[in-house]
Amino acid sequence: MTTVTRFAPSPTGKLHVGNVRTALHNWLLAKKTGGKFVLRIDDTDAERSREEYVEAIRADLQWLGLVPEGEERQSLRTDLYEREFQRLVSAGRIYRAYESAQELDLKRKILLGRGLPPIYDRAALKLTEADHAAKASAGEKPHWRFLLDHDQPIMWNDGIRGAQNFDPRQMSDPVIRRADGSWLYMLPSAIDDIAMGITDVLRGEDHVSNTATQIQMFTALGATPPRFAHEALLTGSEGKLSKRLGALGMADFREQGIEPEAIVALLARLGTSDSVDPSLGADALAASFDLSRFGRAPARFDEADLHRVNAQIVHRLPYARVAHLLPAGMGEPAWDAIRPNLAHIDEAREWWQVVTGPVTAPAFDDETRAFLAEAATVATALDWQADPWRALTSALKDSTGRKGKTLFLPLRQALTGHDHGPEMAALLPLIAKEEAVRRLSA
Ligand code: GLU
């Protein structure tokens with residue numbers, strides 16, 4: 001059976017690192033076996049869902065290369081929910097209840113006060129048809145609860161957490177539909193997972209208790225539950241997914257010069273003890289993706305790690321991937337010379353400026369100026385096509401006796417205006433010979 005996974009964000013905000021990790025892992029899980037990754041927009045909450053977030057989610061997935069093979073929208077699937085709902089009502093698995101939020105709260109407090117778990121007491125189950133009729137004529141509208149089967153123990157073998165056991169008697173029958181007819185998350189999600197043929201549900205451990213309930217929904221709907229795996233939550237460097245990380249979207253990372261490949265490389269391994277390998281592309285990451293590598297301890301996301309991985313990624317990016325982002329005239333040899341020095345692609349502009357000039361060199365003392373004047377003379381006679389840096393430095397070493405820093409640093413400073421930078425052997429041939437001579441004699 002082909003693996004089918006889904007990413008099911010609610011479009012009530014932009015994707016943050018935690019959501020993106022879930023999306024990525026579902027994508028990797030599907031790709032690993034040539035399966036299918038589907039995007040499901042959970043927009044049953046009409047008030048909080050926004051079209052701009054739907055578009056941002058699509059754009060972020062596209063940018064990250066996590067392109068879904070299909071997209072579904074819950075707001076367009078309510079006919080299906082209605083049909084399945086009626087089926088479960090007829091089967092006696094959904095019942096009407098009327099308690100207000102305050103009443104429920106009071107019930108909970110009383111139970112807690114007695115040291116008992118705050119489980120819904122199923123009072124509404126005891127209502128007769130006459131009671132319901134009386135409520136209806138008084139203008140009271142019911143909300144709806146799913147009836148858990150107390151005789152059916154809930155267990156599954158979680159792909160990350162191992163054997164899981166829940167006692168339905170210790171759980172409240174969940175409200176699945178509001179009095180105004182609108183849907184809560186729980187039932188539509190199970191209906192969709194069945195209809196969309198989802199084989200693997202991989203999500204955060206904040207959904208573990210939902211899974212317990214949904215497993216009974218799958219069974220009540222006549223389906224075999226999918227495989228489940230729940231990942232430990234992400235924490236920031238200060239513990240718990242910090243406000244900052246929760247608020248940072250992909251657009252913010254884009255602005256900081258973070259490449260999608262860096263996010264993918266880091267998040268693919270976050271939560272495992274495997275090291276991040278910037279040389280692995282998405283396909284290799286998928287091939288090596290393995291749920292059993294993930295632990296139950298919270299995974300720590302550190303922005304500094306992301307910047308470090310980003311630099312490693314930038315150093316490897318081929319010219320074809322970045323050509324459209326580079327300043328006009330900057331070709332492949334220039335990119336290859338300059339990329340080992342970059343933390344962000346954007347910085348290529350600064351080094352290209354060094355190549356094309358003008359550059360500002362520091363003030364040199366007389367002795368250094370004499371040395372540089374000699375360098376200019378040597379340079380004038382060089383064949384610029386044949387490793388001019390090596391030819392220049394070895395000629396100067398012989399004629400002046402300078403070596404090491406006293407040989408290289410003034411040349412670098414005069415030629416680039418910087419103390420550090422890309423390998424001079426790669427950089428110098430990019431600078432036109434006349435321009436190099438001019439800088440040395442300036
Ligand atoms: N819309 C739900 C969420 O964002 C989906 C959870 C799921 O079933 O994966 O939490």
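Start at 1 and go down the list; that is how both ligands and their atoms are numbered.
Taking the ring centroids of F7 and W27, they lie at or beyond the 6.0 Å cut-off. Taking the centre of each ring, F289 and F294 come in below the 6.0 Å mark. A centroid separation of less than 6.0 Å is found between the aromatic rings of Y185 and H207.
Under the 30°/60° scheme for interplanar angles, the aromatic rings of H344 and H307 are found to stand perpendicular.
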With the criterion set at N/O pairs under 3.5 Å, what does the list of contacts between the protein and ligand 1 look like, atom names and distances included?
residue: ligand 1; atom: 1 (N); partner: A8; partner atom: O; Å: 2.8
residue: ligand 1; atom: 1 (N); partner: S10; partner atom: OG; Å: 3.1
residue: ligand 1; atom: 1 (N); partner: D42; partner atom: OD2; Å: 2.6
residue: ligand 1; atom: 4 (O); partner: A8; partner atom: O; Å: 3.4
residue: ligand 1; atom: 8 (O); partner: R6; partner atom: NH1; Å: 3.4
residue: ligand 1; atom: 8 (O); partner: R6; partner atom: NH2; Å: 2.8
residue: ligand 1; atom: 8 (O); partner: Y185; partner atom: OH; Å: 2.6
residue: ligand 1; atom: 8 (O); partner: R203; partner atom: NH1; Å: 2.6
residue: ligand 1; atom: 9 (O); partner: R6; partner atom: NH1; Å: 2.7
residue: ligand 1; atom: 10 (O); partner: H207; partner atom: NE2; Å: 3.0

Yes or no on ring pair (Phe, Tyr, Trp, His ring centres under 6.0 Å) for F166 and W156, after CA distance, side-chain angles and deciding distance? CA-CA 9 Å; F166 281 77; W156 76 92; 5.6 Å; yes

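Side-chain atoms of N310 come within 3.5 Å of backbone N or O of G257 as a donor-acceptor pair.
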